[in-house]
Amino acid sequence: MLKLDAAGHLAYKRLPSPQMISPVSPERARWIVITSCMLMAIRAFAAPEQTANSATQIRSVLQTQQDSWNRGDVDGFMNGYARSESTVFISEATIRRGWQTVRDRYKEKYSSRAKMGTLTFSELQITLLSSDSAVASGRWRLKRENDQPHGRFTLILKRLPEGWRIVHDHTSAAPPTP
């Protein structure tokens, strides 16, 4: 191995031979193997469980939103969103920012049970981006007396102290069918 000596010149230093390296005790070797196996097992099995648990929690948030909507409870529906000024809702070519702004829009647009109809989410797909962020996408449909508006949505969710919450919602409506 090449190394600089005290005078700053390159000097050759001999590497230790295998006979010069002290052996590891059997107890220490066993400890290293067991610890390595445990760490590999934790990594292999913990991530899928966390992913499945997170997806279940996110589905629960969306199911609670659907159930709240179908009871006519806009505030219960809004509990699925992060109560933050940075919450974003995009729909009808408009960007709305802030939990209160989004709530006000829902209260105005869906001011009666007849306007709210019955909400159904379907084709839900959840992709965990990290331990505290995910993307969910799917279809939405409202069944009302005179029409059945429907479309798609993409949500970005973050795990907050109160649980998974929507921080960004991009919802589009399909053109009405004749």
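We're numbering straight along the sequence, starting at 1. Keep in mind that what you see is a predicted model, and the values were worked out from it rather than measured.
Here the shortest heavy-atom pairing between Gly72 and Arg113 reads CA-CD, 3.4 Å. The minimum heavy-atom distance linking Asp73 with Met116 is given by the pair N-CE, 4.3 Å. When all heavy atoms of Arg165 and Asn79 are compared, the closest pair comes out as NE-O, 3.0 Å. Taking each heavy atom of Ser91 and Arg105 in turn, the nearest pair found is OG-NH2, 3.7 Å. Residues Trp164 and Val61 approach most closely at O-CG2, 3.4 Å, considering heavy atoms. For the pair Phe121 and Leu62, the tightest heavy-atom approach, listed with the atom from each and the gap, is CE1-O, 3.5 Å.
Atom CZ of Arg139 is separated from atom CD of Gln125 by 10.5 Å, given to the nearest 0.5 angstrom. To the nearest 0.5 Å, atoms CD1 (Ile156) and NE2 (His170) are separated by 11.0 Å. From Ser130, atom OG reaches atom NZ of Lys158 across 6.0 Å, with rounding to the nearest 0.5 Å. In this structure, Leu119 CG and Ser68 OG are separated by 10.5 Å, a value rounded to the nearest 0.5 Å. Atom CE in Met78 sits 8.5 Å away from atom CD1 in Ile166 (nearest 0.5 Å).
Taking hydrophobic clusters as Ile, Leu, Val, Met, Phe, Trp and Tyr residues chained together by side-chain heavy-atom distances below 4.5 Å, Phe77 does not share a cluster with Val167. Placement of Tyr106 and Ile90 in two distinct hydrophobic clusters is found when ILVMFWY residues are connected by side-chain heavy-atom separations under 4.5 Å, directly or transitively. One hydrophobic cluster, built from ILVMFWY side chains closer than 4.5 Å, holds both Leu124 and Leu155. In the hydrophobic clustering of ILVMFWY residues, with side-chain heavy atoms under 4.5 Å counting as a link, Phe89 and Trp140 come out together. Ile126 and Leu128 fall within the same hydrophobic cluster, defined by Ile, Leu, Val, Met, Phe, Trp and Tyr side-chain heavy atoms under 4.5 Å apart, directly or through other members.
Considering only heavy atoms from C-beta on, Asp75 comes within 4.5 Å of Lys107 through its side chain. Taking the side chain as every heavy atom from C-beta outward, Leu142 and Thr118 never approach each other to under 4.5 Å.
Annotation: Lys143, atom NZ; neighbour count of heavy atoms from other residues, nucleotides and ligands within 6.0 Å does not exceed 12. More than 12 heavy atoms of other shown residues, nucleotides or ligands fall within 6.0 angstrom of atom CD in Glu162. Enclosure of atom CZ in Arg97 is not indicated, since only 12 or fewer non-hydrogen atoms of other residues, nucleotides or ligands lie within 6.0 angstrom.
A donor-acceptor contact closer than 3.5 angstrom is absent between the side chains of Arg159 and Ser131. A donor and an acceptor atom, one from each side chain of Gln66 and Asn70, are nowhere located under 3.5 Å apart.
Side-chain N or O atoms of Thr101 include none that pairs as donor or acceptor with a backbone N or O of Arg96 at under 3.5 Å. Under a 3.5 Å cut-off, the side chain of Ser133 and the backbone N or O of Leu129 do not form any donor-acceptor pair.
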Assess the residue pair Lys109 and Glu92 against the criterion (salt bridge (charged side-chain N to carboxylate O under 4.0 Å, His left out)); give the C-alpha distance rounded to whole Å, side-chain angles, the decisive distance to 0.1 Å, and a yes or no. CA-CA 12 Å; Lys109 185 168 180 165; Glu92 302 169 344; 2.2 Å; yes
Verdict with supporting geometry, Arg141 and Glu123, salt bridge (charged side-chain N to carboxylate O under 4.0 Å, His left out): CA-CA 11 Å; Arg141 177 176 296 278; Glu123 298 181 26; over 6 Å; no
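The six-membered or imidazole ring of Tyr81 lies away from that of Trp99, with a centre-to-centre distance of 6.0 Å or more.
Electrostatic pairing of Glu145 and Lys115 does not count as a salt bridge here, judged by no charged N lying under 4.0 Å from a carboxylate O. Look at Asp147 and Arg144 and you find a salt bridge, because one of the NZ, NE, NH1 or NH2 atoms lies within 4.0 Å of a carboxylate O, short of that distance.
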